[in-house]
Amino acid sequence: VTGDDAPEEALLERAREGDAAAFSKLAARHRDALLRAAWAVLGNEEDALDATQEALLRAYRHLATFDGRSSFVTWARKIATNCSLNRLEQKKRDRAGALPDDDVVADRRDQDAALERDEERALVRRAIDELPPAQRAAVLLRDVEGLSYEEIAEALSIPKGTVMSRICYGRKTLKEKLSRLLARSLP
Amino acid sequence: MTCEELEPLVSALVDGELDAEDTALVRGHLATCASCRALEEELAATSALVQRHAPRPKVNVVAWARFEKALKREPRRVKRGGWEGLLGAAALVVVTWGLGAFLAFGDPPIVAAWERRVLPLLKYEDPATAFVKLPPCPKDLEGVKNAGLARDLTPAQLRALERDGLVQVPGTGESLGAFYERDGALVTADAALLVWGGAVSRAVIDVERSLLAPELEETLADLDVALRHFEEKRGLEASARLARRTLDVARALEGAVSADAAVQNDVERALRGVGVSRSEVLDREIDWSRFTPRGPLRELPGHFRAVVWLGEAAFRLDEEHPDELRAACLVALGLARESRTLRRFADFDDAASLIHGPQDDLGGLEVLQVVRSAIGDSVRPELVGRPEALAPLARHAREIARSARAGALAEGGPRFRLVGDTRSLEEVVLTELSSSKLPGRPRPTSLDLLAALGSQPARAVAGADGAEGYVNALEKLTSLLEDVTKVPRAAARAGSGVERAKLFAVTKLLETPPRGVPSVMETQAYSDRLLLAGLAALDMPEPGPERGELTVDPRAALPALEPLPGFYARLAHGARRLALGLDATSPSASRATARLQRVSELLQGLADASREVLEGHPLSKDSRLALQSFASAASVYAPASAFACEDVHVLLKADGTREWLERANGPLDRLYMVVPGESGLRLAVGAAVSAREVISPRPLSAADVARAPRTDPAWASQIVR
């Protein structure tokens with residue numbers, strides 16, 4: 001049974017035997033989760049889509065090494081974050097010769113104008129965009145994906161203590177940038 | 001531990017990630033430390049904001065289709081440490097959504113790959129505050145102060161008013177033409193569209209200039225180097241020269257100098273832009289009139305002509321034309337020398353496929369695949385020149401074309417086209433609905449475009465002449481255009497740069513209807529208006545000159561305003577979206593970004609002023625300023641006097657007198673709306689525009705006017721639903 005509602009194990013088994021269609025079905029179930037994880041690291045959709053594709057192809061090629069100790073999505077997510085981190089490194093190297101980006105700090109006037117138009121969402125997204133990638137990845141994997149610190153440590157190949165500090169400093173940075181929003185939402 | 005040292009633990013407490021011991025420690029501290037308690041609250045609130053608003057992107061259908069295609073290319077069994085291991089430390093990037101090519105080419109191995117760069121997908125939700133929030137309308141208009149105004153409304157219209165708080169009826173009031181004759185200064189929806197379109201048009205040209213034109217220029221320069229290198233190799237001279245000359249024409253059109261007489265002759269023909277004659281370089285007939293830039297593209301004539309030329313330059317991939325077949329392979333190999341060249345080229349190459357659907361032409365990447373299939377992964381250009389390579393190359397070209405194009409191959413076999421066809425969306429539609437394809441049909445119009453984009457009212461009007469095959473042709477176009485306009489990433493990639501940005505603007509405007517918008521705002525007629533706005537960006541006549549900062553004369557009389565708050569607000573939002581998109585992808589287009597932001601503010605000012613007018617409040621200072629500024633904005637962004645622009649047709653009679661035809665189908669419509677006033681609900685009456693455009697196959701005559709229906713209840717009911 002490898003229909004759309006086939007159990008994950010059945011799809012996995014077929015995919016291991018080289019059934020690309022079964023793998024495709026399996027991948028389709030988790031593609032958005034992988035994309036979100038890649039996005040968390042890379043911060044933009046274009047790169048994240050490419051990293052997701054790369055990760056899925058790698059997962060397919062190396063399916064024989066998947067031992068089933070974790071769930072498929074956990075395993076594939078780790079590949080996706082790895083691919084994304086590699087891409088990030090590559091981009092850094094590509095940019096090394098270029099001038100650094102201007103330090104973008106949300107302008108106070110911007111905040112006022114944005115608040116007037118009730119664009120809370122835009123403001124939050126911009127603040128997330130501006131986080132250092134390491135912090136962004138940890139924060140989003142926690143707050144969006146709901147992963148435990150342990151799972152984040154595994155996905156990003158960093159110690160659990162580092163996860164804790166990255167989330168904390170990421171949130172603190174966000175808190176500064178969103179101070180006016182927070183002032184409104186807090187008593 | 002100091003407060004600072006405890007911070008990560010406080011954050012982890014928010015996440016419930018502390019063990020019992022640490023939890024007790026942190027809670028103990030919080031009980032005595034107000035600043036850490038505040039921090040805990042703030043971190044929790046921050047986390048909540050992230051949970052609520054962080055983007056949750058989804059893999060779209062186009063990307064998924066590409067993945068599935070890539071998956072199919074994967075061998076069933078892959079040896080551990082396969083090609084990935086071969087790349088070594090010198091490798092550049094790896095696989096992408098497209099076709100990764102690995103070629104041992106001359107000295108160091110090259111991994112060819114690319115990233116796509118398109119305008120970003122911005123997920124907007126229009127702030128509900130930008131729209132008039134209509135209060136629920138009381139049944140039978142009870143408690144509505146000047147309900148007497150509504151006594152002429154039909155029961156159906158009254159029901160619509162109860163349901164939507166808004167009803168539009170064919171008016172009986174003063175005609176707009178008379179208003180123009182008398183007062184002359186009126187800010188209308190059409191004026192806003194012109195200003196918006198002007199600003200978008202300028203922005204689009206800026207993107208073309210700052211992003212696409214330099215990229216094409218660099219790509220061609222890179223290819224030139226590669227091809228000169230090939231010309232020195234035995235057996236490749238003739239085909240490398242053909243490829244280089246083809247590129248040289250494009251480069252010369254962009255301003256590079258060429259001493260080659262054949263190149264010069266073709267360049268001169270392209271610059272003259274008239275007639276059909278034989279191209280010396282391509283050795284075939286070319287319609288040179290296509291090389292004349294129109295509209296705002298006149299500002300980038302060299303780039304425009306180069307792109308058109310590359311669209312014409314197709315090489316035949318068969319054994320009967322060995323030089324063309326080899327030239328195609330050499331161009332593909334030239335592209336693969338540098339991953340950035342290939343990436344840039346892939347972007348251009350990709351652009352047309354979505355909008356044009358399956359075609360026989362292979363792109364540069366597919367030709368690379370041909371070379372690889374025929375020769376193997378270790379490609380040296382000399383191998384392409386060997387006589388025995390010809391047959392496998394031609395065979396694989398046929399096979400790949402057949403599999404990529406679902407089997408069907410046109411007569412003459414596959415071809416390699418340097419840059420996908422650059423016809424605009426309009427051209428596609430207008431060609432398909434032209435009299436050559438649908439005999440007996442008059443020249444297609446913008447209404448056909450709207451119809452093809454799925455507008456039912458436009459379809460009803462445009463299809464009224466009953467030309468045979470019109471409905472079928474329209475169905476086909478509609479599904480094609482739906483593919484283009486419903487997938488924002490695809491839309492952002494489709495067509496030329498201008499087309500790309502325009503589609504981007506339009507699809508962004510038409511995306512998910514914003515929350516909190518009165519239901520009547522979602523009507524087809526409303527969407528049509530927005531589409532027209534997008535289209536105006538390209539169809540506009542000459543954009544006005546730059547005149548620096550706008551000036552406002554505070555003593556000038558305020559122009560009258562057609563009060564359409566939602567309409568102006570949505571346009572304002574569209575301008576702002578485009579500004580954000582430009583800002584993110586094309587920082588060098590900062591002037592355009594600033595211009596769009598300025599226009600957005602002006603339009604928002606009109607929206608606010610409209611609301612004040614409809615609600616009976618005196619105009620605020622900001623609204624007055626917006627109205628005053630609008631006149632000067634109009635003269636900067638749009639043709640002069642656009643601020644008093646409306647679709648009014650004027651008939652010049654034989655005796656020299658003029659007759660106002662309004663919109664050729666009756667007087668200005670009126671809008672009834674229930675608005676909250678200081679002391680309860682009021683019924684407001686205002687002017688509204690109809691989205692109807694009546695198309696006449698010939699200049700309007702007095703007889704046409706006499707035949708035209710004076711009112712059109714069917715149309716009104718479409719708007720009201």
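Every chain is numbered from 1, with letters handed out A, B, ... down the list of sequences.
In this structure, chain A has a heavy atom under 4.5 Å from the side chain of B/V14, while its backbone stays farther away. Using a 4.5 Å cut-off between heavy atoms, A/L140 contacts chain B through its side chain alone, with no backbone atom that close. Heavy atoms of A/A28 lying under 4.5 Å from chain B belong to its backbone as well as its side chain. For A/I128, the part lying near chain B is the side chain, with the backbone staying farther off; criterion is any non-hydrogen pair under 4.5 Å.
With hydrogens and angles disregarded, a donor-acceptor distance shorter than 3.5 Å links the side chain of A/D32 to the backbone of B/V59. At least one donor-acceptor pair under 3.5 Å links the side chain of A/R125 to the backbone N or O of B/H53.
Within the 4.5 Å cutoff, side-chain heavy atoms of B/L43 are placed close to those of A/K172. Side chains of B/F67 and A/L57 form a contact here, defined as non-hydrogen atoms less than 4.5 Å apart. Residues A/W39 and B/R56 fail the side-chain proximity criterion, which asks for heavy atoms closer than 4.5 Å.
In this model, a donor atom of one side chain and an acceptor atom of the other lie less than 3.5 Å apart for B/S11 and A/R171.
Most heavy-atom pairs under 4.5 Å with chain A, from the set B/L39, B/L9, B/V50, B/V10: that is B/V50.
The structure places CZ of A/R121 at 11.5 Å from CG of B/L49, a figure rounded to the nearest 0.5 Å. Taking CG of B/L13 as the reference point, atom SG of A/C168 lies at 11.5 Å (rounded to 0.5 Å). With rounding to the nearest 0.5 angstrom, the CD atom of B/E7 is 12.0 Å from the CE atom of A/M164. Annotation: the span from B/L71 atom CG to A/F23 atom CZ amounts to 6.5 Å, rounded to 0.5 Å. Between A/L56 atom CG and B/E68 atom CD the span is 10.5 Å, to the nearest 0.5 Å.
Between B/E17 and A/R142, at least one side-chain nitrogen of the basic residue sits less than 4.0 Å from a carboxylate oxygen of the acidic one, meeting the salt-bridge criterion.
Contact record, B/P8 with A/S165: CB-CA, 4.4 Å, taken as the closest heavy-atom pair.
Around the CD atom of A/E8, the shell of radius 6.0 Å holds more than 12 heavy atoms that belong to other residues, nucleotides or ligands.
Residues passing the side chain to side chain contact (heavy atoms under 4.5 Å, CB included) test with A/A21 are A/D19, sequence neighbours excluded.
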